[in-house]
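To keep things clear, I will list the structure first and then write my remarks on it.
Note that the coordinates shown come from a computational prediction; the quantities given were computed from them, not determined experimentally. What you see below is based on every heavy atom in this structure, not just the backbone, and it leaves out hydrogens, waters and symmetry mates.
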Amino acid sequence: MSDLADSEAPLAVTDRPLTQDGPAVRLYLVDGSSFIFRAYHALPPLTRKSDGLPIGAVSGFCNMLFKLLRDMNSDAPTHLAVIFDHSEETFRNKLYDQYKAHRPPPPEDLIPQFAVVREATRAFGVSCIELPGYEADDLIAAYSCKVRDAGGEVVIVSSDKDLMQLVGPNVSMLDTMKNLRIGREQVIEKFGVGPERVVDVQALCGDSVDNVPGAPGIGVKTASALINEYGDLDTLLARAGEIKQDKRRQTLIDFADQIRLSRALVQLDCDTPLPEPIDDLAVREPDKAVLGAFLETYELRSLARRIGEAGASSSGAIPSTPRPAPAEVPESAIDVSGYVCVRDATTLESWVARCYEAGTIAFDTETDALGSATAGLCGVSLAISPGEACYIPVGHCEKEGLQLEEAADLVQIPLDQVIAILKPMLEDPTVLKVAQNAKYDIAVLSRYGIDVAPIEDTMLISYVLEAGMHGHGMDELSALWLGHQPIPFKQVAGSGKGQVSFKHVELGKATEYAAEDADVTLRLYNRLRPRLAREGLLTVYETLERPLPPVLAAMENAGVKVDPIFLRNLSNEFSMRMADFEAKAQALVGHPFNLGSPKQIGDVLFGEMALTGGKKTATGQWATDSDVLESLAAQGHELPRVLLDWRQLSKLKGTYTDNLVAAISPDTGRVHTSYALASTTTGRLSSTDPNLQNIPIRTEEGRKIRKAFIADAGNVLISADYSQIELRLLAHVGDIEQLKRAFREGLDIHAMTASEMFNTPIEGMPSEIRRRAKAINFGIVYGISAFGLANQLSIPQDEAGAYIKTYFERFPGIRAYMDQMRAQVREHAYVTTIFGRKINIPDIRAKAVGHRQFAERAAINAPLQGAAADIIRRAMIRMPEALKRAGLKARMLLQVHDELIFEAPAEEAEATCRLVSKVMEAAPEPAVSLSVPLVVEARAASNWDEAH
DNA sequence: GCCGTCACG
DNA sequence: GACGTACGTGACGGCG
């Protein structure tokens with residue numbers, strides 16, 4: 001059959017010279033059936049206005065076709081076809097009558113759309129290809145092989161794993177729904193083997209959806225391990241007797257025939273006849289009349305408008321080579337003297353042209369201050385290949401306000417022009433931009449009207465690979481991986497009082513510093529990026545990390561409104577009351593002392609007054625923390641209470657009232673925090689400058705601070721928080737039946753725990769009993785110890801020990817979970833979350849027992865805290881788009897670990913509460929299906945205190 | 001620049 | 001038997 005295709009349909013490729021810019025044929029093969037289903041499920045059930053004909057899948061399909069034809073510049077197809085399944089019966093059913101036997105019929109409202117989709121395809125001037133007796137996958141395989149062998153390039157538009165066996169040089173897949181490229185490394189991440197061995201792995205693990213039997217009890221992990229060990233399936237089956245594990249060996253021997261059959265079922269047939277010659281698939285302009293009539297018939301008005309607009313403007317195609325895969329570069333010494341300072345437009349344009357050629361570049365922005373939400377741009381650096389980098393200054397000036405034109409050595413391209421030249425490249429989908437801590441650059445450049453995309457972030461790549469092992473700042477990564485110490489910022493800008501803003505740094509030094517940052521970033525990328533797929537962490541990076549910088553940049557830039565007058569009044573009130581406490585304390589002692597000095601307090605309490613019951617800190621000083629002072633106060637002493645009261649106010653004033661006012665940006669009148677994405681071991685964010693994740697709430701006095709966080713006029717603040725998320729995750733991960741049931745039934749979880757432990761009915765339970773159970777539940781999540789629980793509850797240690805014992809008797813699954821985490825961390829020195837995030841805990845190998853025990857407790861806590869962090873990250877990533885789709889104007893402002901804070905128009909408060917709750921509760925899906933419900937409580941009010 | 005303390009989840 | 005003791009953060013003032 002293949003002869004026929006070869007002889008009758010000679011490939012155009014051979015006739016056409018290969019251009020410098022890439023292969024002459026770039027064939028896009030759209031997996032029609034799979035796309036229809038995804039469009040159907042992803043989109044709301046749209047219908048034709050006039051008669052209610054279901055049209056959602058058709059609309060999604062047309063949008064994608066349009067996008068393929070118009071959006072992509074250098075990657076645009078020269079040839080394009082949509083491939084459909086033709087009939088249910090194929091040659092595979094002759095091999096195995098149960099093949100795809102359990103497929104449910106398509107949804108009723110989808111059935112009429114199948115024919116319309118074919119009509120749509122033709123209306124766009126694109127070929128529809130199908131062949132009786134063959135699946136679309138086989139046709140895709142045949143076209144792919146032909147074009148690839150003739151030197152062309154193929155992009156398969158599908159995310160179907162069955163097609164991954166086709167990936168290889170010049171054949172990639174494109175998941176348009178997720179906007180992901182699937183190349184060799186993504187295949188390796190999915191199957192644990194390269195594309196050439198995918199069928200072997202699939203043959204072993206089978207596929208329940210297609211009803212491919214495989215070998216019982218063997219999943220992807222085991223299958224890929226076996227294939228990697230033996231090389232290929234035939235060798236494995238031939239040498240199955242050598243397998244050590246009894247059960248596995250027997251399975252492979254007993255089911256050898258079934259495994260071979262499975263391989264035949266999943267193996268795609270490259271010799272499938274081609275119904276249309278490749279030449280006929282060339283992309284052609286759609287006939288405007290035909291397309292217009294189609295869009296009119298199905299009332300696809302918004303698409304018709306977009307097509308009209310696109311037709312009016314120029315295509316803007318920019319020639320470039322396809323993006324090269326990042327490769328390991330030979331390490332070479334970093335030489336800062338070769339960097340270029342770009343100071344005229346022509347040179348800048350040539351650098352931009354080289355960026356297009358390179359396909360992957362690194363960049364960095366330099367600013368005149370630290371806060372990305374307000375800092376001004378000083379310049380941008382670009383690195384095109386290791387050692388080849390430049391700096392484009394835009395805002396450098398003499399310190400005393402000298403005009404640029406007056407100083408010859410400060411001549412720079414005007415800001416507007418730099419932006420005009422850089423913007424198209426920085427926004428071009430065919431140029432991948434790598435940054436170190438991309439959130440910063442995104443935030444700065446977005447204020448200059450540039451939306452940088454696509455972006456990768458070396459800091460986040462490092463974080464995914466090695467969280468918990470070390471920091472992820474550039475200097476540290478450079479020292480670690482490149483053996484190179486980048487020029488310290490201090491060396492170019494000075495330090496302490498003599499430090500100057502970067503805009504006052506002389507251009508030569510600025511170029512060395514800035515271009516080196518881009519150069520180092522590119523080298524780090526080349527070094528670290530390939531590890532993601534190899535180590536199975538690409539999905540974690542792509543789903544939990546890479547999408548977040550733009551989301552956080554928008555939150556930081558939005559900021560939150562804070563009432564300065566309210567805070568100043570509060571500050572004055574606190575000052576006056578502190579003065580009273582101070583006078584009282586000094587009267588009690590009989591002489592002045594500094595209430596802010598723990599050392600002096602220790603001397604007073606345990607020296608002069610000779611109180612008993614003190615403890616020492618790690619450095620041998622008297623401890624005077626609130627636990628100590630509380631217990632002294634309980635003994636009946638007066639001074640400790642005064643000190644505690646003074647301290648509370650001192651803390652609130654020093655850390656909150658005064659500094660929050662100081663943090664209000666003069667430009668925006670709001671407070672802009674900065675979120676660190678890679679500072680915690682567990683995947684949580686942290687907030688700095690100022691920290692808005694530790695605003696007081698637990699005491700009456702503290703809550704007053706929260707009242708200062710307010711919504712802009714006409715708006716409300718909405719606080720939405722996950723209820724008991726870590727305990728719910730414990731119930732799921734530890735598979736604790738009683739806990740799961742309690743959460744499903746919406747019971748009071750602490751009361752339920754108390755009831756189970758102490759055999760007390762929930763009705764009329766004394767609050768002290770519930771309080772103790774609550775402390776235990778929290779303690780469990782932290783890796784409980786009798787000492788810690790005793791401390792927390794102020795009860796004797798043996799009593800606390802007895803509680804813990806009872807708890808484990810009532811919930812044996814929890815002990816099992818804890819033991820499992822301990823074993824895992826001892827073996828691997830890391831644990832993982834249910835989303836695959838890896839949390840390293842190197843201290844488990846420490847010499848000191850104390851450190852090791854610490855590590856064990858961290859290992860118990862990390863999968864829970866980490867999974868909660870993963871979940872809220874997923875919610876945050878989806879939130880902006882979800883709000884937009886719902887037509888809501890709300891902006892996400894803050895994140896506090898299990899809480900999101902929004903600012904929304906007052907009249908949209910209810911709708912926003914409903915939507916954000918929905919997005920947050922569904923956040924684990926579809927990656928993880930929790931066996932307990934997630935519950936989110938959302939409230940709107942004029943200030944944060946009342947919204948929470 | 002470290003330490004003790006304390007704000008949050 | 002000793003050891004240090006609930007997980008994860010960031011910011012402040014004191015002190016050397």
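- Ranking dC8(B), dG4(B), dG10(C) by closeness to the P598(A) side chain, first place goes to dG4(B).
- Closest approach to the N861(A) side chain among dC7(C), dC12(C), dG14(C) is made by dC7(C) (side chain taken as heavy atoms from C-beta onward).
- With both ends at atom P, the span from dA7(B) to dC3(C) equals 31 Å, rounded to whole Å.
- Between the side chain of Q600(A) and the base of dG14(C), no donor-acceptor pair under 3.5 Å is found.
- Within 4.0 Å (heavy atoms only), A862(A) reaches no atom of the nucleic acid at all.
- For T681(A) and dT9(C), the shortest distance from a side-chain N or O to OP1 or OP2 is below 4.0 Å.
- Note that the CG atom of N777(A) and the OG1 atom of T753(A) stand 3.5 Å from one another [nearest 0.5 Å].
- Here the side chain of T655(A) is nearest to one of dT5(B), dG9(B), dC12(C), namely dC12(C).
- In this model, no side-chain donor or acceptor of K599(A) finds a partner on the base of dC15(C) within 3.5 Å.
- Once rounded to the nearest 0.5 Å, the distance linking CZ of R772(A) with CD1 of I776(A) reads 9.0 Å.
- Comparing dA6(C) with dC6(B), their P atoms are spaced 15 Å from each other, to the whole Å.
- Atom OH in Y782(A) sits about 11 Å away from atom C1' in dT9(C), given to the nearest Å.
- Side-chain nitrogen and oxygen atoms of S626(A) include at least one within less than 4.0 Å of the OP1 or OP2 phosphate oxygen of dC6(B).
- Residue contacts shown for R647(A) are limited to sugar-phosphate atoms, with no base heavy atom under 4.0 Å away.
- Proximity of S686(A) to the phosphate of dG10(C): a side-chain N or O atom is located under 4.0 Å from OP1 or OP2.
- Between T624(A) and dT5(B) there is a side-chain polar atom (N or O) within less than 4.0 angstrom of OP1 or OP2.
- Judged by Watson-Crick or G-U wobble contacts below 3.5 Å, the nucleotide dG4(C) has no partner.
- For R684(A), no side-chain nitrogen or oxygen approaches OP1 or OP2 of dG9(B) to under 4.0 Å.
- You'll find that the side chain of N691(A) is closest to dA11(C), out of dT5(B), dC8(B), dA11(C).
- Nearest nucleotide to the side chain of Q865(A), out of dC8(B), dG8(C), dA6(C): dG8(C).
- Regarding F709(A), its CZ atom lies at a distance of 12 Å from the P atom of dC8(B), rounded to whole Å.
- Closest to the side chain of N659(A), from the set dG9(B), dC12(C), dT9(C), is dC12(C).
- Using a 4.0 Å heavy-atom distance criterion, G850(A) is classed as making no nucleic acid contact.
- Phosphate contact (OP1/OP2 of dC3(B), side-chain N/O of T617(A), threshold under 4.0 Å): absent.
- With D945(A) as reference, R703(A) is the one residue of R703(A), R706(A), R939(A) to meet the salt bridge (Lys or Arg N to Asp or Glu O under 4.0 Å) rule.
- Atom CG of L570(A) and atom NZ of K704(A) lie 6.5 Å apart (nearest 0.5 Å).
- Among the atoms of the strands shown, only primed sugar atoms or phosphate atoms (P, OP1, OP2) are found under 4.0 Å from some heavy atom of V896(A).
- When heavy atoms are screened at a 4.0 angstrom cut-off, I860(A) is found touching no nucleic acid atom at all.
- Under 4.0 angstrom from either OP1 or OP2 of dG14(C) there lies at least one side-chain N or O belonging to N594(A).
- Side chains of I871(A) and F835(A) form a contact here, defined as non-hydrogen atoms less than 4.5 Å apart.
- Heavy atoms of D689(A) sit under 4.0 angstrom from primed sugar atoms or phosphate atoms, though from no base atom.
- Rounded to whole Å, the separation between the P atoms of dG4(B) and dG4(C) comes to 14 Å.
- Among the atoms of the strands shown, only primed sugar atoms or phosphate atoms (P, OP1, OP2) are found under 4.0 Å from some heavy atom of T619(A).
- A cation-pi geometry, defined here as NZ or CZ lying under 6.0 Å from the six-membered ring centre and within 45° of its normal, does not hold between K707(A) and W944(A).
- Using a 4.0 Å heavy-atom distance criterion, Q792(A) is classed as a base contact.
- Looking at heavy-atom distances under 4.0 Å, I784(A) makes contact with a base.
- No N or O donor and acceptor, one from the side chain of R857(A) and one from the base of dG8(C), sit under 3.5 Å apart.
- In the set dG14(C), dC8(B), dG10(C), dG14(C) carries the atom at the smallest distance from any side-chain atom of S597(A).
- Taking the six-membered ring for Trp and the full ring otherwise, the centers of F581(A) and F574(A) sit at least 6.0 Å from each other.
- OP1 or OP2 of dT5(C) has not a single side-chain nitrogen or oxygen of N791(A) nearer than 4.0 Å.
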